Amino acid sequence: MPATELDQVVNLCKRRGYVFPSAEIYGGFRSTYDYGPLGAMMLRNVKDAWVRAMVQLRDDVVLLDAAILGPPAVWEASGHLANFTDPLVDCRVCKNRFRLDKLDDPNTCPSCGAQDSFTEARAFNLMFKTHAGPVEDAGAVAYLRPETAQGMFVNFANVLNATRKKPPFGIAQTGKSFRNEITPQNWIFRTREFEQMELEFFVPPAESAQWYAYWCAERLGWYVGLGIPKELLRLRAHDADELSHYSSGTSDVEFLFPWGWDELEGIANRGDYDLTQHANHSGEKLDYFDQATGERYVPHVIEPAAGATRTLAAFLLAAYDEDEVGGESRVVLRLHPRLAPYKVAVLPLSKKEHLSAKAREVYRLVADRYLSDYDDTQSIGRRYRRQDEIGTPLAVTVDFDSLDDEAVTVRDRDTTEQVRVPIADLLATLQAKLGF
Ligand code: GAP
């Protein structure tokens, strides 16, 4: 069963090295987090799985890695300087600060209970401002990107010229984004520094409705394909008053978090807003000339915009399970093999030297293909429990018989079933079980 309490997964992640509070030895730093040895690998796997689906397995999307720092001109054109704000109120009694739109009751302070104690709402811009270069004057102002999207719009003509793609085609990007969130919350769900995975898919205007529907279905299917049960996912269309300043239609992929349904990804029909804005502000042509029809047009954009770090939280919460094996309770992360940090653990039954040599040989064979762990500490039972708890799909046990029969035992995390396999067939067996 998926985690019902956030703490079950937060504690496991801290203990096993998935996610640590940032700068913890100094008391932590304002809802920022560091991804530990397992978390760093899983985050890469989440992004790789996204790039695989969005770029590798199709021929109409290319990858980009744009700068994080950008000049004000980009954010003026995108509308972020004017519109990327949250309404902020302060409680005059306890001095705490809240987002007005997130308050259950706009007259009651959720912190101290005071009535009608809020100041007038102020628009608070969420972008982090800094200075590029040694002089901190107005001419040196730069912003950390609050989304990866704009790097793809400003490179539209570059990508078009470099790749000779024609609509419908997309530009995909993963990477860090920064928002000075007033109320970061729920662990890595909403943080000030996070990672996104965004696709800008440029289409002929007449095809935008059809591509919007296509991407909604495609993106929901991505989460299911990576192991999140269907009943923990839903697609929710935004009401008109929820739409962003650029969007003519948005649907969210939502996940049933322990605190209720919440957003994993937004799929927006952005029309020609972004390319038109950047063309007007930069003076560059950002359109497409279709030689076949002789028509020049500004493509419309369908944007599936997901969060890599937020999605990682959802994958972990969905994978969390507790069951009983041989009368003993265990915690198991039933992560999809593509997402699991280690695919295989190689476990020698004993630390004795002649067995270690064989086990190291098996480890080298396996690790060349799959990211693998080698563990020869403690009893074999405890090592299985540890690998179950960190989500390793397969364990390969090297025992004393292995020295004679050149075979090992492969144990499945989910069923705990074990099969004896000749070392010569090991890679083929692992591939069949993992699916890649
Ligand atoms: N380009 C459109 C865009 O950025 P968004 O809905 O603001 O849209 C897309 O962000 C996704 O990025 C969200 O669905 C969420 O998964 C992730 N995201 C946004 N803000 C976040 C935050 N403060 N912390 C973690 N993830 C965040």
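For reference, positions follow the sequence shown, starting with 1. Quantities reported herein were computed from a predicted structural model and do not represent experimental measurements. All ligand and atom numbering here is 1-based and tracks the order in the structure.
With hydrogens left out, the protein atom closest to atom 18 (N) of ligand 1 is F194 CE1, 3.5 Å, a heavy atom. Considering only non-hydrogen protein atoms, atom 8 (O) of ligand 1 sits nearest to A305 CB, 4.1 Å. Nearest protein heavy-atom neighbour of atom 16 (O) of ligand 1: L264 O, 2.8 Å.
Of the options M197, E193, E265, E198, the smallest heavy-atom separation from atom 1 (N) of ligand 1 is shown by E198. Atom 10 (O) of ligand 1 has its nearest heavy-atom neighbour, among E200, R310, Q196, in Q196. Across the listed options T191, T148, I267, T191 owns the non-hydrogen atom lying nearest to atom 24 (N) of ligand 1.
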Could you walk me through whether F202 and F153 pass the side chain to side chain contact (heavy atoms under 4.5 Å, CB included) check? CA-CA 10 Å; F202 302 94; F153 298 128; 4.0 Å; yes

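Taking the six-membered ring wherever Trp is involved, the centroid distance between the rings of F128 and Y143 does not fall below 6.0 Å.
For the residue pair Y288/E295, the side-chain donor-acceptor check at 3.5 Å is not satisfied.
Near E263, the atoms of ligand 1 lying under 4.0 angstrom from a non-hydrogen atom of the residue are 6 (O), 13 (C), 14 (O).
Of all the heavy atoms of R192, none lies under 4.0 Å from any atom of ligand 1, so neither backbone nor side chain is involved.
Remark: side-chain polar atoms of R44 are not paired, donor with acceptor, to backbone N or O of G39 under 3.5 angstrom.
Note that the CG atom of L81 and the CZ atom of F84 stand 11.0 Å from one another [nearest 0.5 Å].
The 12-atom threshold is exceeded at CD of E231, counting heavy atoms of other residues, nucleotides or ligands nearer than 6.0 Å.
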